[in-house]
Amino acid sequence: MVRVRFAPSPTGYVHVGSLRTALYCYLYARHHGGVNILRIEDTDRTRYVEGAVENIIRTMEWAGIEFDEGPFTGGACGPYVQSERTEIYRAHANQLIANNDAYVCFCTSERLDTVRKQQQASGTPPMYDRHCRNLSKEEVATRIASGEPHVVRLRIPIGEVVRFHDLIRGDIEFDSKTIDDQVLLKSDGFPTYHLANIVDDHMMEITHVIRGEEWLSSTPKHVLLYRAFGWEPPKFAHLPLLLNADRSKLSKRQGDVAVEDYREKGYLPHALINFVALLGWNPSATEEIFTIHDLIRDFDLERVNKGGAVFNREKLDWMNAEYMRKMSPHELLPLVRPLLEKRNFVVSDEYAERVIAVMQERVHTLWDFVDFASYFYAAPTFADVDEKYKSKHWTEEAKSRLGELLPKLDASETWNHDALEAIIREYAEANAVSAGKLIHPLRLAVTGRGMGPGLFELLSVIGKEECLRRIRHALQHLT
RNA sequence: GGCCCCUUCGACUAAUGGUUAGGUCACCACCCUUUCACGGUGGCUGAACGGGUUCGAAUCCCGUAGGGGUCACCA
């Protein structure tokens with residue numbers, strides 16, 4: 001039985017790289033009929049952000065990633081929040097000390113800093129100098145009894161090569177002399193990631209550890225911990241990183257990294273999921289659009305790439321547009337509606353659906369239905385009019401043509417695409433001008449823009465009274 | 001700097017020793033067209049470098065270079 005876990009720490013937003021890790025865990029679990037677990041790694045009290053756990057869960061729900069065990073969901077291996085498991089870690093740390101696989105260290109952070117600075121100055125690798133590695137049991141006991149602050153460190157064996165197999169990268173080995181005597185239990189009594197992670201993965205019977213490549217270099221410590229406990233380690237799969245355009249680790253400085261950012265900017269969860277799924281993994285090379293069911297069916301850790309992948313916003317935009325085009329205006333409406341409200345645009349559902357229908361081919365995000373189509377909800381102000389378009393099409397001739405056309409439009413009993421096209425084309429023909437001579441000025445008068453849906457559909461959506469009002473207004477005020 | 005990982009078009013990637021190195025995004029051109037899009041057609045651009053192994057290497061091996069990650073009482 002495959003059991004995987006997504007183990008974020010509640011420090012704020014959810015990074016898109018974390019989203020991809022969570023996705024791969026989910027896909028792997030579902031593909032193999034296994035169990036997907038959510039575990040909150042909140043052992044650093046200083047970084048804890050209020051509400052972050054709820055945010056993680058909300059974000060995962062939005063993305064459609066489901067968990068079979070976790071906080072709120074429950075399960076046989078709980079609790080799934082590490083801060084509720086401190087006694088377990090403490091007991092395990094003591095076991096390690098008893099077996100001489102770990103030791104108590106009394107070094108102060110000041111001493112550690114000094115040592116580190118000296119090492120840096122002399123060009124030696126910055127590592128703990130193992131000052132407390134061989135204290136006598138008696139000394140340790142008395143110092144602890146006297147209340148001296150201390151941590152517990154892993155006793156890394158000397159002169160050994162630590163080997164492990166990675167599902168994505170193959171066999172990897174580290175010389176033990178390059179591995180630090182890692183702190184396992186902090187002086188505040190909380191475990192570090194390394195201890196808590198290993199204990200929990202074992203107790204929760206995790207079979208596959210799927211995580212980012214940044215964990216690769218601490219994996220030998222984990223392997224050593226499994227051995228010290230006498231436990232069978234899980235299989236490891238270290239995912240390639242998501243990158244900025246300059247190929248550094250995807251960071252906040254260079255754009256949006258929070259899943260919440262993309263949600264707020266009008267991206268659909270299915271599009272984001274589809275997009276990040278393909279960053280580092282690809283099943284076919286010819287298909288680009290995959291439903292979650294396709295992804296579950298095809299996902300395979302062994303096809304995950306080794307190299308990092310640049311997060312390419314343009315392709316995300318394209319993919320989001322693809323998803324929006326495939327939806328019906330009726331399906332899109334509930335997603336667009338709240339955005340209209342944020343802009344204080346008040347329209348009926350029926351009207352909004354008609355706008356969505358005519359805008360659907362030309363949007364990249366949900367916000368485009370609002371901000372690129374604002375003239376559907378309110379008369380244009382011409383404040384940000386395209387001057388080039390205006391000077392080309394808002395000529396004296398154009399204005400007089402519109403003046404002549406106006407009564408014909410006003411006289412029309414029907415106001416739909418075909419009727420409007422007939423009126424305008426008839427006028428154009430009768431006056432021996434190209435239809436474009438009328439269409440562009442009309443578009444400008446009614447929308448204030450040089451781009452958008454076909455003029456006849458746009459006029460028909462906005463409606464006769466409003467269109468006539470805008471044309472008259474423009475003829476009088478737009479110069 | 002030590003250690004570890006990585007390296008196919010600008011970006012995401014396919015191919016698992018024999019292909020004119022394929023697809024998608026972006027970009028360019030043309031078609032469609034009232035604009036912008038959509039759609040269609042075509043195009044541009046790629047194996048980091050150097051050695052091997054082999055009849056044959058993007059693919060296997062070694063080296064070099066470049067990039068990245070990591071070196072906390074953070075995860």
Side-chain angles (χ1 to χ4, degrees), chain A residues 7-11 41-44 46-47 105 107-109 112-113 116 119-120 123-128 149-153 166 168-169 172-175 177-180 182-194 196-197 211-220 238 240-241 243 245-249 275 278-289 305-319 321 325 359-364 372 386 389 393 421 424-425 428 434-440 442-444 447 449-456 458:
Chain A
S9 61
T11 53
E41 308 223 328
D42 58 345
T43 55
D44 184 352
T46 62
R47 293 212 307 162
C105 167
C107 292
T108 61
S109 48
L112 262 19
D113 283 346
R116 203 171 296 129
Q119 289 167 331
Q120 279 166 353
T124 50
M127 288 173 73
Y128 177 56
H150 58 276
V151 302
V152 176
R153 288 182 183 272
D166 185 279
I168 294 168
R169 286 150 215 284
I172 297 171
E173 54 180 55
F174 289 78
D175 191 317
K177 73 181 175 207
T178 67
I179 307 171
D180 211 352
Q182 184 67 46
V183 170
L184 301 177
L185 207 59
K186 299 182 261 187
S187 57
D188 64 1
F190 278 78
T192 59
Y193 169 89
H194 307 282
N197 190 263
R211 80 225 303 194
E213 191 190 334
E214 68 267 27
W215 293 107
L216 197 55
S217 49
S218 46
T219 304
H238 288 94
L241 261 19
L243 273 24
D246 67 0
R247 306 203 75 85
S248 59
K249 189 174 168 182
F275 178 67
L278 264 26
L279 253 25
W281 170 79
N282 197 297
S284 71
T286 52
E287 296 296 317
E288 298 287 335
I289 304 298
N305 295 136
K306 299 181 178 78
V310 172
F311 191 95
N312 183 274
R313 184 73 169 256
E314 284 74 44
K315 188 158 181 176
L316 205 214
D317 281 347
W318 166 78
M319 201 169 266
R325 270 179 228 123
M359 286 299 293
Q360 210 167 355
E361 295 295 311
R362 47 209 111 218
V363 293
H364 288 108
F372 282 0
D386 178 348
Y389 186 77
H393 297 292
E421 178 160 22
I424 286 159
R425 293 211 186 276
S434 70
K437 291 270 188 202
L438 306 166
I439 288 169
H440 292 291
L442 269 173
R443 171 184 298 283
L444 185 69
T447 74
R449 286 173 177 261
M451 57 169 86
L455 181 77
F456 309 122
L458 166 176

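Letters A, B, ... mirror the listed sequences (proteins, then strands); counts begin at 1. In this text the structure is predicted, and so the values were computed from the model without any measurement.
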**Request:** Report the base-pairing partner of rG2(B) (Watson-Crick or G-U wobble, both distances below 3.5 angstrom), or none.
**Result:** rU70(B)

**Prompt:** Which letters describe nucleotides 41-47 of chain B, given B = protein heavy atom under 4.0 Å from base, S = only from sugar-phosphate, - = neither?
**Reply:** -------

**Request:** Just name whichever nucleotide pairs with rU53(B), Watson-Crick or G-U, keeping both distances under 3.5 Å, else none.
**Result:** none

**Message:** Under 3.5 Å for both donor-acceptor distances, Watson-Crick or wobble: does rA58(B) have a partner, and if so which one?
**Reply:** none

**Prompt:** In whole Å, what is the span from the NZ atom of Lys177(A) to the C1' atom of rC3(B)?
**Reply:** 11 Å

**Asked** Considering only the P atoms, how many Å lie between rU13(B) and rA72(B), rounded to the nearest integer?
**Response** 31 Å

**Message:** For Glu314(A), give me all partners under side chain to side chain contact (heavy atoms under 4.5 Å, CB included), at least two apart in sequence or on another chain.
**Reply:** Asn312(A)

**For Asn305(A), side chain to side chain contact (heavy atoms under 4.5 Å, CB included) partners two or more places apart** = none

**Request:** Please identify each residue that fulfils side chain to side chain donor-acceptor pair (under 3.5 Å) with Asp180(A), with sequence neighbours left out.
**Result:** none

**Rounded interatomic separation in angstrom, taking CD from Glu287(A) and C1' from rC12(B)** = 15 Å

**Complete:** By side chain to side chain contact (heavy atoms under 4.5 Å, CB included), Lys177(A) pairs with (sequence neighbours left out) Asp175(A)

**Prompt:** Can you tell me how far P of rC4(B) sits from CZ of Phe174(A), to the nearest Å?
**Reply:** 7 Å

**Asked** Between Tyr193(A) and Trp215(A), what is the ring plane arrangement, given parallel below 30°, perpendicular above 60°, and tilted in between?
**Response** parallel

**Request:** Write down the distance between CG (Asp317(A)) and C1' (rU24(B)), rounded to a whole number of angstrom.
**Result:** 15 Å

**Item:** For rU35(B), the Watson-Crick or wobble partner whose two distances fall under 3.5 Å
**Value:** none

**Request:** Heavy atoms under 4.0 Å is the rule here; annotate nucleotides 63-75 of chain B 5' to 3' with B where the base is hit, S where only the sugar-phosphate is, and - elsewhere.
**Result:** -----SSSSSBBB

**Request:** List in chain and number order the residues that pass ring-ring contact (aromatic ring centres under 6.0 Å, His included) with Phe174(A), two or more places apart in sequence or in another chain; answer none if no residue qualifies.
**Result:** none

**Item:** Listed partners of Asp188(A) passing side chain to side chain donor-acceptor pair (under 3.5 Å), at least two apart
**Value:** Arg45(A)

**Message:** What does the B/S/- profile of nucleotides 30-38 of chain B look like, 5' to 3', with a 4.0 Å heavy-atom cutoff to protein?
**Reply:** ----BBBBS

**Item:** Pairwise C1' distance for rA21(B) and rC62(B), with rounding to whole Å
**Value:** 25 Å

**Asked** When you check the phosphate oxygens OP1 and OP2 of rA14(B), does a side-chain N or O of Asn305(A) lie under 4.0 Å from one of them?
**Response** yes

**Contacts of Ala196(A) that satisfy side chain to side chain contact (heavy atoms under 4.5 Å, CB included) - sequence neighbours left out** = Thr43(A), Gln82(A), Tyr89(A), Pro191(A)

**Asked** With rounding to whole Å, what would you report as the distance between rG51(B) and rG10(B) at their P atoms?
**Response** 24 Å

**Fill in**
pair_partner(rU64(B)), Watson-Crick or wobble, both distances < 3.5 Å, evaluates to rA48(B)

**Asked** Given atom CH2 of Trp281(A) and atom P of rA15(B), what is their separation to the nearest angstrom?
**Response** 12 Å

**Request:** Please state how far atom CZ in Arg211(A) lies from atom P in rC5(B), giving the value in whole angstrom units.
**Result:** 15 Å

**Prompt:** Does His440(A) have any ring-ring contact (aromatic ring centres under 6.0 Å, His included) partners at least two apart in sequence or in another chain, and if so, which?
**Reply:** Tyr389(A), His393(A)

**Message:** Does the Lys NZ or Arg CZ of Arg153(A) fall within the cation-pi geometry relative to Tyr128(A) - under 6.0 Å from the ring centre and within 45° of the axis?
**Reply:** yes

**Prompt:** Residues in side chain to side chain donor-acceptor pair (under 3.5 Å) with Arg247(A), at least two apart?
**Reply:** none

